[in-house]
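Some notes on the structure that comes next.
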Amino acid sequence: MSRQSRIAQLHAAAKDRILVLDGSWGVMIQRRELSEEDFRGDRFTAHNGQMKGNNDILCITRPDVIADLHDQYFAAGADISETNTFSATTIAQDDYHLDAQSVWDINLEGAKLARAAADRWTEKEPTKPRFAAGSIGPLNKMLSMSSDVNDPGARLVTFDQVYEAYRHQVKALNDGGVHLYLIETITDTLNCKAAIKAIKDLEDEGMEPLPIWISGTITDRSGRTLSGQTAEAFWNSVRHAKPFAVGFNCALGADLMRPFIAELSRVADTLVAAYPNAGLPNAMGQYDEEPHETAHFIEEWAKSGLVNIVGGCCGTTPEHIRHVAEEVAGVTPRVIPERPVALRLSGLEPFEMVA
């Protein structure tokens, strides 16, 4: 089946049911207790500096681990599984002294692994097609905020550098066969806009177009992203991309995330997605929320008509996803609202002017 046919299946499935994303990758990789040698593999035995902790490199050095995690999440009931490429940009991977070719290979192999798993499960269960989402994560450098408290104009990167880093990643993910892009855990909307521009420019140059899912992060109970935007202001900033879905993930558990998902559900004229953490971390940085607890909160979101796609972020496991999938099965997905035509702008706050 062609990729565009599978994308048509994705749109059809989203109309039919609430879709389920996979859960955390970090917690599952940590449970493997992999060694420095696992992370280095044969290719990076002589590489300078520590490689352990660079989870994305496992797409090259331990593809068996990554393929198994895709299978675990699909077996748990996920419709969509992400590539293990959350930090696979030339900017983020510079912390590990990796060159552009290595970063390209991480994305390409990560996409191939996710796509192969999705195809296997679709063949096994054709009535429940599976999809591979290319994970495009945040950077360790921000465009909207100063890197120096004494110099408001200080930046460690330029827009052009961020754009080029995302362009490099997007092209490799597309070549590897993903069905959609997931720009996720967005703390800085300007970084996100660089990723959107990279995708759109590549499509204008002839790259096969794919759906875009945009997922921001509300950092605390203030209801704002790290770069200061409210939920509605964030949506106004990215709606020009005409995304397949928009939503929030990370930072908060489902109980604290609910009001911001409700606000986005009110204003967004596209699918709304949410994948919270398994509660807030304890004093040791661990997540204590049990699978049935996370699923209970998300079930309420679903029955309240707030969401079209759900899943899990930090601390969630295949068991969390299994419970979530069971609780939302058969629940009618959120109806996309028809909003009046208006001029909608945003800074930190939204602005709307109806004709």
Side-chain angles (χ1 to χ4, degrees), residues 6-23 73-74 76-82 118 127-136 178-186 192 196 210-218 231-232 234-236 238-239 241-250 252 254-255 257-277 294-313 316 320-339:
R6 293 291 298 283
I7 291 169
Q9 286 186 324
L10 174 64
H11 286 284
K15 291 180 181 179
D16 181 61
R17 65 182 187 275
I18 294 174
L19 299 180
V20 178
L21 178 71
D22 60 15
Y73 279 121
F74 282 138
D79 297 282
I80 305 168
S81 187
E82 299 182 57
T127 60
K128 183 181 170 67
R130 306 306 212 281
F131 308 96
S135 174
I136 302 170
V178 297
H179 299 110
L180 68 156
Y181 306 114
L182 174 48
I183 308 173
E184 63 176 328
T185 321
I186 299 160
C192 172
I196 292 170
L210 304 178
I212 302 172
W213 172 358
I214 298 172
S215 187
T217 295
I218 298 295
E232 185 173 358
F234 173 72
W235 167 239
N236 286 356
V238 300
R239 67 187 298 270
K242 299 180 180 179
F244 164 73
V246 69
F248 293 123
N249 73 289
C250 206
L252 303 174
D255 56 339
M257 188 182 286
R258 190 192 190 283
F260 314 121
I261 294 300
E263 178 66 2
L264 204 56
S265 179
R266 181 183 70 83
V267 300
D269 51 358
T270 190
L271 303 182
V272 165
Y275 49 114
N277 292 347
T294 302
H296 172 73
F297 289 120
I298 292 178
E299 177 192 21
E300 188 276 324
W301 294 358
K303 290 184 175 179
S304 297
L306 300 182
V307 288
N308 303 93
I309 309 173
V310 294
C313 201
T316 59
H320 286 81
I321 299 307
R322 188 183 311 281
H323 279 258
V324 168
E326 289 172 353
E327 294 300 332
V328 302
V331 180
T332 302
R334 162 184 169 269
V335 177
I336 298 174
E338 292 187 12
R339 302 200 66 202

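Along the sequence shown, residues are numbered consecutively beginning with 1.
Every residue meeting the salt bridge (charged side-chain N to carboxylate O under 4.0 Å, His left out) condition with Glu300, not counting sequence neighbours, appears here in chain and number order: Arg258. Taking Pro211 as the reference, Ile7, Leu10, His11, Leu180, Phe244 meet the side-chain contact (heavy atoms from CB on, under 4.5 Å) condition, with sequence neighbours excluded. With sequence neighbours left out, Phe297 forms a ring-ring contact (aromatic ring centres under 6.0 Å, His included) with no residue at all. Here Ser81 pairs with Asp22, Trp25, His70, Phe74 under the side-chain contact (heavy atoms from CB on, under 4.5 Å) rule; sequence neighbours left out. The side-chain contact (heavy atoms from CB on, under 4.5 Å) check on Lys303 picks up Glu299, Val331, with sequence neighbours excluded. Contacts of Ser215 classified as side-chain hydrogen bond (donor to acceptor under 3.5 Å, both in side chains), with partners at least two apart in sequence or in another chain: Asn249.
Taking both residues in full, the closest heavy atoms of Ala273 and Ile261 are given as O-CD1, 4.1 Å, listed atom of the first, atom of the second, then distance. When all heavy atoms of Pro337 and Arg266 are compared, the pair lying nearest together is CG-O, 4.0 Å. Of all non-hydrogen atoms in Cys192 and Ile183, the two that sit nearest each other are SG-CG2, 4.2 Å. Contact between Ile214 and Ile196 at its shortest, heavy atoms only, is CD1-CD1, 3.7 Å. Minimum heavy-atom separation, Ala133 to Val178: C-CG1, 4.3 Å. For Cys250 against Thr217, the heavy-atom pair with the smallest separation is CB-OG1, 4.1 Å.
Note: Phe131 and His179 have perpendicular aromatic rings, judged against thresholds of 30 and 60 degrees for the angle between ring planes.
Between the CD1 atom in Ile321 and the OH atom in Tyr73 there is a gap of 6.5 Å [rounded to 0.5 Å]. Going from atom CD of Glu184 over to atom OH of Tyr275 covers 3.5 Å, rounded to the nearest 0.5 Å. Atoms CZ and CZ, from Arg130 and Arg6 in turn, are 10.0 Å apart once rounded to the nearest 0.5 Å. Going from atom CD1 of Ile298 over to atom CE of Met257 covers 9.0 Å, rounded to the nearest 0.5 Å. Atom OG1 of Thr316 is separated from atom CZ of Arg322 by 13.5 Å, given to the nearest 0.5 angstrom. For the atom pair CG of Leu182 and CD1 of Ile80, the computed distance is 8.5 Å after rounding to the nearest 0.5 Å.
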Worked check of side-chain contact (heavy atoms from CB on, under 4.5 Å) between Glu327 and His296:
CA-CA 8 Å; Glu327 294 300 332; His296 172 73; over 6 Å; no
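Ser135 places no side-chain N or O within 3.5 Å of a backbone atom of Glu82 that could act as its donor or acceptor partner. Distance alone, capped at 3.5 Å, places no donor-acceptor pair between the Asp269 side chain and the Glu338 backbone. Side chain of Lys128 to main chain of Gly77: a donor-acceptor pair is present (N/O by atom type, distance under 3.5 Å, no hydrogens or angles). Without hydrogens or angle criteria, Arg17 side chain to Ala329 main chain gives no donor-acceptor distance under 3.5 Å. Judged by distance alone, the side chain of Asn308 and the main-chain N or O of Pro333 form no donor-acceptor pair under 3.5 Å.
Annotation: side chain of Leu271 is not in contact with side chain of Trp213 (no heavy-atom distance under 4.5 Å). Put simply, the side chain of Tyr181 does not reach to within 4.5 Å of the side chain of Pro243, judged on heavy atoms.
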